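Structure first, then comments.
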Amino acid sequence: MTFEELGLDARLIQATAELGYVNPTQIQEKAIPVLLSGTKDFIGLAQTGTGKTAAFGLPLLHIIDADERYPQALIVCPTRELCMQIVSEVELFKKHIKGVSVVAVYGGASIGLQIRDLKRGVQIVVATPGRLIDLIERKAINLEQIKYVVLDEADEMLNMGFKDDIEFILQNTPKRESTWLFSATMPPEIRKVSKKYMNEPFEVTVGKVNSGNKSIDHQYYITAAQHRYETLKRLIDFNPGIYGIIFTRTKVDAQDIAEKLTREGYDIDALHGDLTQAQRDKVMGEFRDKTLQLLIATDVAARGIDVHGITHVINYELPDDIEVYTHRSGRTGRAGNTGICMSIVHARETFKLKAIEKLIQAQFNRVDIPTGKDVTRKQFYAVMDKILETDISHGDYDTFLPMLQEKFADVSKDEILQRMAAVEFDRFLKYYENAEDLNLRDNGRQRPREFGSDRAVIPRDRARFETRGGDRDRGERGDRGSYGSGGGTTAGYARLFVNLGTKDGFYKASFLQFILDMSDLKKEVLGKVDMKDMNTWVEVEQGAAHQMIRCLDGKNYKGRRIRMNDANSR
Ligand code: AMP
């Protein structure tokens, strides 16, 4: 099919041709003819990288009225990065259409400037939910005339706790003629929202729902917990051309690992919740320019990041919430490229792999952690390739030749080659000379002792994990009763009360991540959690409870004072 056949305005077709789009992608082919009517609700289940921005961007530009300068279309998306990316794509699509303005409004930037942009008169507003609500409350934006609402990456928005905000936005667009919802997965909460606010939506699925991208090779590496960092280094060293994102569960890990790797000469920086917007922009800018080869991030900080050409995603640890795996791995293998998602797994986490396989409908491949010899060989070839591929056609290398010949007159060609290799290569050769095998072998004599003793931990860890996974499926109705606010506390744990709950936009997973990030504690300290609208009770290991309270009690969350105390001592 061609873009002409989809019925788009000639000016839009011209723009797509200039962008090098030859044929519409699958989602574009299915969505555009439906969306051009402007009156039909639509659900598009598609991963990022499938061309969905154009799937809604092109029809929006086709149907809005360029002569009327008030907001007619609203695109809501989870993050500032995605917001800016959508705007820049729409700008390219509208190149040949005069009089259409598109504005991005997102948190972390001057609201004054955004209000000024809005006042100039725009037809398309691209917004993150929080900032949009802020603008509505300040009466700086009028949604009265909005005809089209696009919810992009709806599942991510829900994951981030924006459900109430989205409902508020849908309730405050009275003239909405159609709602277009795009999502990579279809959790029950999104079904609920669509049932409530959409009218017989036309539903299109590209690829399998809930499935990870087919072009991703999902690999896992089993090692002992104390070798995680060393394994990470080996995976990086074994892939000299890597352009990747490493995910950690906590910001402390992200920061520590970034610092350690930087000291050891790697091009890496960390992205986590503690950075100011300016610091975050700097890191992202360097990563996009490829000044940084590696980015290490927590899930929260990395939400919505969209960088093209990522070759590898590395899970330093598997995420607690298995759905997060899809979001992490989806950063690679996009737009027809292939990618590799590597997970460093401890023996006691392997049970999670099965659950993830089911979710992504793809198989994991167990791969051995490369040996020191493997790494040195790989690096050696990389150095040779680099020498052979170096461009000497520009510059005055010819003029240096006599000088070089003189200097190396008594050195053989072989020796020169060896010396050149050594310049680049010595670091690896020395480092990996006596490198140990990092693989955790579960057969034979190599089986480390702690593997056996760890097994005692499995049932508790697994029970906790499954409870959490199950909660997601059951939505907010999770089986609270069994360990409700009045229930007993597990031995060894303190039960803490917090005045935050689902009304604050939290889900269990996002809440746990929040308290761990605030307290710099590891998820292993957490026990049962019971979340209500306004409050939550969470079990924290006795030894860690004090730190948790100290880090949260009295702090602010969205302008409200957090109260946390031991529920049993109240
Ligand atoms: P998205 O899923 O919107 O993030 O798009 C992923 C990438 O695919 C973007 O870089 C788009 O510019 C590109 N793209 C979108 N539609 C097409 C198309 N029809 N042909 C080629 N590339 C496309």
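Every number for a ligand or one of its atoms is a count from 1 in the order of the listing. Everything quoted here is computed from the prediction, not taken from an experiment.
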Phe56, portion touching ligand 1 at heavy-atom distance under 4.0 Å: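 Near ligand 1, Phe56 shows nothing, with every heavy atom at 4.0 Å or more.
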
Ligand 1 versus Leu19: contacting region, heavy-atom distance under 4.0 Å:
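Answer for Leu19: neither.
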
* Asked: Are Phe42 and Tyr148 close enough that their ring centers fall under 6.0 Å?
  ->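 Between Phe42 and Tyr148, the centre distance exceeds or equals 6.0 Å.
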
Would you compute the distance between atom OG1 of Thr53 and atom CZ of Phe182 and round it to the nearest 0.5 angstrom?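 Rounded to the nearest 0.5 Å, the OG1-CZ separation comes to 9.0 Å.
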
| message | What's the separation between atom NZ in Lys523 and atom CD1 in Ile515, rounded to the nearest 0.5 Å? | response |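 Nearest 0.5 Å value for the NZ-CD1 distance: 13.0 Å.
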
Within the 4.0 Å heavy-atom shell around [X], which atoms of ligand 1 are there?
X: Thr53; value: 1 (P), 3 (O), 4 (O)
X: His308; value: 10 (O)
X: Thr25; value: 16 (N), 17 (C), 18 (C), 19 (N)

Is any N or O atom of [X], backbone or side chain, closer than 3.5 Å to an N or O atom of ligand 1?
X: Gly49; value: yes
X: Ala54; value: no
X: Gln47; value: no

inquiry  = Once salt bridge (Lys or Arg N to Asp or Glu O under 4.0 Å) is applied, do any residues pair with Arg234, and if so which ones, sequence neighbours excluded?
reply    =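 Arg234 satisfies salt bridge (Lys or Arg N to Asp or Glu O under 4.0 Å) with no other residue.
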
query = Residues in side-chain hydrogen bond (donor to acceptor under 3.5 Å, both in side chains) with Tyr266, at least two apart?
reply =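 Here the qualifying residues are Asp237.
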
- Item | Heavy-atom gap Asn23 to ligand 1 smaller than 4.0 Å |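 Right, Asn23 reaches ligand 1.
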
*asked:* Distance alone, cut at 3.5 Å: any donor-acceptor contact between the side chains of His96 and Glu18?
replied: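 His96 vs Glu18: donor-acceptor pair found between side chains.
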
Query raised in the report: Should we say atom OH of Tyr70 is surrounded by more than 12 heavy atoms from elsewhere, each under 6.0 Å from it?
Result: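 Yes, because the 6.0 Å sphere around OH of Tyr70 holds more than 12 heavy atoms from other groups.
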
